[in-house]
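Lettering follows sequence order; numbering is per chain, from 1.
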Amino acid sequence: MGKQYNAQETEDKIRKFWEKNKTYKFNSKSKKQTFSIDTPPPYLSGKMHIGHAFSYSQQDFIARFQRMKNNVFYPFGTDDNGLPTERYVEKENKIRSKSMSRADFINLCLKTLKKMTPDFIQDYKDLGISCDYNIYYSTIDKNSQRVSQQSFIDLYKKKEIYKKEFPTLWCPECQTTIAQAELEDKEEESLFTTLRFKADNKDLLIATTRPELLPACVAVFVNPKDKRYKNLINKKATVPLFNFEVPILEDESAEIDKGTGVLMICSYGDKYDVKSINRHKLEPKLILNPDGTLKQTEYKGLRVKQARKKILEDLKENNLIEEQKQITHAINTHDKCGTPIEFITTEQWFIKLLDKKSKLIKQGKKVNWYPKYMFKRYENWVNGLEWDWSISRERHFGVPIPVWECKECNEIILPNNEELPVDPLQTKKQCPKCNKEAKGEEKVLDTWATSSMTPQIASAISLSKDKNLKIKIPFSLRPQAHDIIRTWAFYTIAKSFMHEKEIPWEDIMISGYVTLSGEKMSKSKGTGIQPKKLLEDYGADALRFWAAGSKLGNDLDYQEKDLITGKKFLNKLSNASKFVFMNLEDYKNQKPKQLEKIDKLFLQKLDILVKSATYRFETYEYSKAKAETEKFFWNMFADNYMEIVKKRIYNQTGPKKISAQYTLYKSLLTILKLIAPIMPFITEEIYQTYFKKTEKQDSIHISEWPESENLENEKYDTTLDAFIDVLSKVRQAKTKKQKSMKSEIILTMPEKQYEKIKDLLQDIQDVTNAKEIKKGNFKVEFVEE
RNA sequence: GGUCCUAUAGUCCAGUGGUUAAGACUCCUCGUUUACACCGAGGGAACAGCAGUUCGAUUCUGCUUAGGACCACCA
């Protein structure tokens with residue numbers, strides 16, 4: 001090592017060392033307790049994002065800490081299921097998925113994924129994420145498909161799954177059902193038009209933003225308390241332009257002062273319509289095709305927006321518009337493509353959720369949330385659920401729904417466990433009842449239906465590698481970001497509850513976001529910050545150092561200066577280690593019979609740090625562990641202790657020197673271990689360079705976490721604090737006089753102070769370069785040359 | 001509109017019912033070359049506002065303001 005620490009070079013070397021030694025391989029024979037982590041599988045799309053670097057670093061801090069205490073099960077997966085992958089593969093291969101068979105398209109996806117996966121995973125390895133990459137799954141691989149299909153079959157048998165024709169949230173762009181969790185608000189400009197309906201030969205004014213749904217109008221609502229319309233109740237209204245009659249009904253949900261107080265119910269404009277139509281048992285008029293075009297009338301074939309425009313023109317021509325104004329309002333869109341959603345009646349598969357809301361909240365409560373308040377978000381979401389989980393998707397790429405339906409008697413046929421994973425479009429089945437051929441289900445499962453099984457998937461993978469190895473549910477930990485509490489965390493809890501009657505993990509840690517000048521980073525903002533570039537410029541340790549800068553769950557502003565600080569820390573650590581071992585050449589790794597008092601006091605301080613840092617890591621407060629260790633190292637160890645022992649090390653021989661050497665060795669090793677989870681590369685480098693020959697373990701990351709020596713009963717000795725106080729005063733005096741720290745002095749201190757540190761007089765003399773120490777009023781005199 | 005989070009130097013970020021309110025970057029002064037100028041010593045600089053609880057509030061409570069997240073509304 002030179003004077004300056006070269007992160008890039010070292011990290012490259014260390015990375016290879018870990019790979020060669022299989023440092024992070026899960027040890028199935030270990031007698032230690034297993035700490036199992038339900039690693040988030042990232043979407044395999046493009047390069048690693050700074051947000052990923054942030055949250056994966058945070059979970060890795062915990063994984064590495066636990067690895068030094070327990071046996072860590074830390075798999076790695078990629079989420080290759082679903083629309084983003086489908087889109088990516090279509091683009092990459094310049095094809096349309098619907099123009100080929102499902103099996104062919106899945107194969108193409110798998111081929112494309114295989115090509116890009118290694119590069120993608122490399123980013124995580126470069127960051128030092130310490131997964132066992134051999135315990136790898138893709139959410140579309142055979143094992144995942146099997147687990148996912150088993151889940152479907154199990155829930156079907158438990159009568160938790162049903163099929164129903166129902167107006168569901170529909171994306172006309174992706175042409176598939178979506179779940180409530182996939183909705184995203186979007187502000188949109190819209191025309192708010194007040195139309196002239198007719199009732200009792202008079203105008204009945206109704207406002208709407210969706211005139212294209214006029215042909216689907218099935219009723220008009222007014223509030224029973226609304227005096228204006230009382231006489232119209234149960235009469236008929238005529239729909240403008242289309243000239244058919246609909247009933248005027250009273251409904252308490254109609255708000256008197258909203259719009260004109262009258263509203264039209266169409267099939268279906270929004271979920272309010274869906275509910276209203278059900279409540280009043282009205283016959284829906286379905287006018288939308290799955291591709292978002294209109295069915296009937298002369299507007300047939302027009303897309304929603306085109307139809308709206310045309311109908312408005314025609315309304316205007318016929319003088320049926322009373323008023324029109326521009327408004328902005330929020331509309332629900334599909335989070336994957338931003339297309340406004342519609343309600344379209346199709347036959348879909350559902351998992352029952354609404355019947356177990358309170359039980360799911362109870363399950364959520366059993367999980368330890370870090371930070372605690374994140375549970376509220378879970379609870380709010382579950383309380384707000386309005387639909388069961390629609391799990392079928394009209395897509396090509398995904399886990400096939402493993403059922404056949406008899407064409408004759410509609411009997412549902414399930415596959416046997418040995419057949420899984422199965423594609424019902426590839427395998428033919430006959431109805432056991434009527435012997436007729438059954439039709440394979442064409443739909444695939446919602447991606448969350450599969451990724452909500454990650455504990456079971458990872459567990460199955462490990463079992464396939466080692467027959468004796470069953471990773472139990474609940475896992476120890478789920479790490480994830482807060483934006484997917486309502487999806488990933490929620491669905492996983494729901495699935496484990498329905499399958500195992502268990503919580504999926506004991507703890508859940510939720511990381512915050514990376515912000516830029518206080519604002520949330522978004523893909524649209526582009527953000528020129530690429531982890532890859534940062535790794536090249538500053539190294540993974542520095543990036544991780546930054547990621548350890550905010551407490552769990554908090555957002556953190558990205559600032560380049562924090563990486564510079566990290567880099568400085570690396571340099572300091574590297575240099576301090578160099579100093580220590582320069583002075584340990586004649587040290588035989590022996591514990592001295594008698595420790596010098598100041599060494600003992602210093603080790604006591606170190607012990608307090610160990611205790612605190614351990615507690616911090618155990619409760620996921622890695623940022624505090626890091627801050628405390630960082631401060632101790634720089635201030636206590638480097639600036640104070642090292643200065644204090646310099647002279648003794650240089651000039652003394654025998655027990656006094658050995659005591660200092662022992663203390664330096666032990667404290668440096670301890671500090672390295674405490675900071676190793678945060679900065680794995682440099683700590684490994686120092687360990688390999690200096691400690692390896694005397695320490696047993698091959699890698700610092702599988703070495704024992706430092707034990708605190710249980711000083712509870714021992715009273716804390718404040719002598720060292722008093723000592724440092726004196727030292728600090730002397731330094732102050734030297735600075736004021738603009739003298740060198742090495743300048744020789746005569747030190748006078750009060751009786752009380754003198755008595756307090758009387759066992760450490762030699763040390764204070766050494767570190768302050770005092771020629772003489774006297775009692776009296778505090779005074780620093782300089783010895784002139 | 002509802003729920004939740006956040007508010008500390010120019011910037012980022014700790015922490016506390018009584019503290020000289022910590023650290024980093026920046027700024028100023030000085031020092032230093034047998035670990036380190038990516039250094040050392042020292043200095044300057046902060047508890048959003050208003051009320052309440054309290055002997056005492058930056059810390060607890062309420063409100064206000066600002067920012068953020070999630071949800072709802074979208075006639």
A:Ile510 CD1 to B:C4 P, straight-line distance once rounded to whole Å: 18 Å
Distance between P atoms of B:A7 and B:U16 (Å, rounded): 12 Å
Could you tell me whether the side chain of A:Lys186 and the main chain of A:Ile331 form a donor-acceptor pair under 3.5 Å? no
Can you tell me the distance, in whole Å, between the CH2 atom of A:Trp381 and the P atom of B:C4? 18 Å
Check RNA chain B for consecutive Watson-Crick or G-U pairs with both distances under 3.5 Å and list the runs of at least three as stems. B:1-7 with B:65-71, B:10-12 with B:23-25, B:27-31 with B:39-43, B:48-52 with B:60-64
Taking the six-membered ring of A:Phe61 (Phe, Tyr or Trp), confirm whether the NZ or CZ of A:Lys626 is under 6.0 Å from its centre and within 45° of its axis. no
For RNA chain B, whose closest nucleotide is more 5', that of A:Ser740 or that of A:Thr209? A:Ser740
Closest to the A:Met582 side chain, choosing from B:U34, B:C36, B:C73: B:U34
For A:Ser276, answer base if it contacts any base atom (sugar-phosphate contacts may also be present), sugar-phosphate if it contacts only those atoms, and nothing otherwise; contact means non-hydrogen atoms under 4.0 Å. nothing
Counting heavy atoms not belonging to A:Glu322, are there more than 12 under 6.0 Å from its CD? yes
Is the A:Phe633-A:Phe569 ring centre distance short of 6.0 angstrom? yes
For a quick check of understanding: with a heavy-atom distance under 4.0 Å over all strands, which category does A:Asn583 fall into, base, sugar-phosphate or nothing? nothing
A:Lys568, nearest nucleotide to its side chain (from B:A41, B:A24, B:C39): B:C39
Under a plain distance cut-off of 3.5 Å, with no hydrogens placed, do A:Glu685 and A:Thr10 share a side-chain donor-acceptor pair? no
Please classify the nucleic acid contact of A:Glu255 as base, sugar-phosphate, or nothing, using heavy-atom distances under 4.0 Å. base
Has A:Lys567 got its NZ or CZ under 6.0 Å from the middle of the six-membered ring of A:Tyr5, at an angle within 45 degrees of the ring axis? no
Within the 4.0 Å heavy-atom criterion, would you say A:Lys567 contacts the bases, only the backbone, or no part of the nucleic acid? base
Among B:C13, B:C4, B:C73, which is the nearest nucleotide to the side chain of A:Leu556? B:C13
Quick check against the 3.5 Å criterion: does A:Gln326 have a side-chain atom that pairs as donor or acceptor with the backbone of A:Glu189? no
Rounded C1' spacing from B:U8 to B:A46 in Å: 6 Å
What is the distance, to the nearest angstrom, from the CG atom on A:Asp185 to the C1' atom on B:G1? 14 Å
Can the ring centres of A:Tyr378 and A:Trp369 be said to be less than 6.0 Å apart? yes
Quick one: sort the A:Tyr690 and A:Phe581 rings into parallel, tilted or perpendicular, breaks at 30° and 60°. parallel
Contact class for A:Ser623 vs. all strands (heavy atom < 4.0 Å): base, sugar-phosphate, or nothing? nothing
For A:Met374, answer base if it contacts any base atom (sugar-phosphate contacts may also be present), sugar-phosphate if it contacts only those atoms, and nothing otherwise; contact means non-hydrogen atoms under 4.0 Å. nothing
Strictly distance-based, threshold 3.5 Å: is any side-chain N or O of A:Asn583 a donor or acceptor partner for the main-chain N or O of A:Ile649? no
Of the nucleotides B:C36, B:U3, B:C30, which one has an atom closest to the side chain of A:Gln738? B:C30
I'd like the C1' distance from B:C25 over to B:A9, given in whole Å. 12 Å
Would you measure the distance from the C1' atom in B:U53 across to the matching atom in B:U61 and give it in whole Å? 7 Å
Regarding the side chain of A:Asp562, the nearest nucleotide among B:A35, B:C12, B:G15 is B:C12
Using heavy-atom distances to pick each residue's nearest nucleotide on RNA chain B, tell me which of A:Lys271 and A:Asp555 is more 5'. A:Asp555
Return the value, rounded to whole Å, for the distance between atom CD1 of A:Ile682 and atom P of B:C36. 15 Å
Separation of B:C73 P from A:Ile327 CD1 (nearest whole Å): 15 Å
Check for a donor-acceptor pair, side chain of A:His49 on one end and backbone N or O of A:Gly51 on the other, with a separation under 3.5 Å. yes
How is A:Asn383 classified with respect to the nucleic acid when contacts are heavy atoms under 4.0 Å: base, sugar-phosphate, or nothing? nothing
In whole angstrom, what separates A:Phe545's CZ from B:C12's P? 18 Å
Counting any heavy atom closer than 4.0 Å, what does A:Lys551 reach on the DNA or RNA strands: base, sugar-phosphate only, or nothing? sugar-phosphate
What nucleic acid atoms does A:Glu379 come within less than 4.0 Å of, heavy atoms only: base, sugar-phosphate, or nothing? nothing
Just to confirm, is there a sub-4.0 Å distance from OP1 or OP2 of B:A35 to any side-chain nitrogen or oxygen of A:Tyr650? yes
Any idea which of B:U11, B:A72, B:A35 is nearest the A:Phe579 side chain? B:A35
Indicate whether any N or O donor in one side chain lies under 3.5 Å from an N or O acceptor in the other, for A:Glu184 and A:Thr333. no
Taking any heavy-atom pair under 4.0 Å as a contact, classify A:Gly549: base, sugar-phosphate, or nothing. sugar-phosphate
Contact class for A:Ile206 vs. all strands (heavy atom < 4.0 Å): base, sugar-phosphate, or nothing? nothing
Where the side chain of A:Ser550 is defined as all heavy atoms beyond and including C-beta, which of B:A69, B:G40, B:C13 is the nearest nucleotide? B:C13
Closest to side chain of A:Met642, choosing from B:A14, B:A35, B:G40: B:A35
Can you tell me how far P in B:A14 sits from the matching atom in B:G23, rounded to whole Å? 15 Å
Could you check how far CZ of A:Arg377 sits from P of B:A69, rounded to whole Å? 10 Å
Filtered N/O pairs between nucleotides 42-46 of chain B and protein, under 3.5 Å:
none

Measure NZ/A:Lys572 against C1'/B:G23 and give the value in whole Å, please. 15 Å
A:Tyr558 and A:Trp546 aromatic ring geometry - parallel, tilted or perpendicular at 30°/60° bounds: perpendicular
What's the gap between B:A45 and B:A21 when it is taken at their P atoms, as a whole Å value? 12 Å
Between A:Lys646 and A:Phe579, is NZ or CZ placed under 6.0 angstrom from the six-membered ring centre and within 45° of the ring axis? yes
The side chain of A:Asp557 is closest to which nucleotide in this list: B:C36, B:C13, B:U11? B:C13
Compare the minimum distances between each of B:A72, B:C36, B:C12 and the side chain of A:Asn575, then state the nucleotide with the smallest one. B:C36
Interatomic distance at P, B:U59 relative to B:C63, whole Å: 15 Å
Considering every strand and a 4.0 Å limit on heavy-atom distances, what is the contact class for A:Ala576: base, sugar-phosphate, or nothing? base
Measuring only the C1' atom in each nucleotide, how far is B:U58 from B:G15? A whole number of Å is fine. 10 Å
